[in-house]
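Have a look at the structure below, then the notes.
On a predicted model such as this, the values are computed, not experimentally measured, just so you know. Just so it is clear, the values below take in all heavy atoms, side chains as well, and ignore hydrogens, waters and symmetry mates.
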Amino acid sequence: SADEFYIDVIVGLDVRDERGETVGRVAAIYNFGAGDVVEIALAAARSQPLLAPFTRAAFPELDLAGGRLMIADDFLRDDADDDGGEGTSP
């Protein structure tokens, strides 16, 4: 069926947001027992890769023939808006 594939085939795919803009590339797939986690090497210079669960909610579209995976905007973070926890009460 079209929904069946070896998970390793998504490593190296381009990752795009809901507007079709390139976010990065799938760097690795991990499974720590609770489901697969996708590591995305971001296109923008960032110190940390993005990790997201490999679910339909996080990745609503997979195009193996086209070499791309779409990530839902809800799973993208903007490090520029992250204050690192400063200004919050304990």
Side-chain angles (χ1 to χ4, degrees):
S1 119
D3 288 341
E4 295 180 7
F5 55 90
Y6 289 105
I7 194 71
D8 292 342
V9 301
I10 71 167
V11 174
L13 293 184
D14 286 331
V15 179
R16 300 189 183 185
D17 62 17
E18 294 177 8
R19 293 170 303 284
E21 297 178 22
T22 299
V23 172
R25 185 173 296 272
V26 177
I29 303 293
Y30 304 105
N31 187 306
F32 302 110
D36 295 317
V37 176
V38 178
E39 177 183 336
I40 302 167
L42 299 171
R46 307 267 178 116
S47 60
Q48 297 290 323
L50 176 64
L51 298 174
F54 190 56
T55 62
R56 286 198 190 272
F59 297 98
E61 290 183 24
L62 169 61
D63 180 1
L64 289 175
R68 60 187 170 265
L69 181 63
M70 182 186 19
I71 188 168
D73 289 342
D74 289 345
F75 288 86
L76 295 174
R77 66 170 187 254
D78 186 354
D79 289 341
D81 292 338
D82 184 7
D83 67 1
E86 295 175 14
T88 59
S89 310

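- Hydrophobic clustering (ILVMFWY, side-chain heavy atoms < 4.5 Å, transitive): Leu42 and Ile10 are in one cluster.
- Here the shortest heavy-atom pairing between Ala58 and Pro53 reads CB-O, 3.2 Å.
- Here the side chains of Leu13 and Asp63 are not in contact, with every heavy-atom distance at 4.5 Å or above.
- Taking every heavy atom of both residues into account, Phe5 and Val9 meet most closely at CD1-CG2, 3.8 Å.
- Listed here is the closest heavy atom pair of Ala27 and Val11: O-CG1, 3.7 Å.
- Ring orientation note: the planes of Phe59 and Phe54 are tilted relative to one another, at an angle of 30° to 60°.
- Taking CZ of Arg16 as the start and CZ of Arg25 as the end, the distance is 9.5 Å to the nearest 0.5 Å.
- A distance of 9.0 Å separates CD1 of Ile7 from CG of Asn31, quoted to the nearest 0.5 Å.
- Under the 4.5 Å side-chain heavy-atom criterion for ILVMFWY residues, no single connected hydrophobic cluster contains both Val38 and Met70.
- In summary, of the residues considered (Leu76, Asp74, Ile71, Asp73), a side-chain contact (heavy atoms from CB on, under 4.5 Å) with Glu18 occurs for Asp73 alone.
- To the nearest 0.5 angstrom, Glu39 atom CD is 9.5 Å from Gln48 atom CD.
- When the shell of 6.0 Å around CZ of Arg56 is examined, it contains 12 or fewer heavy atoms from other residues, nucleotides or ligands.
- What you find for Ala72 and Ala57 is that their closest heavy atoms are CB-O, 3.4 Å.
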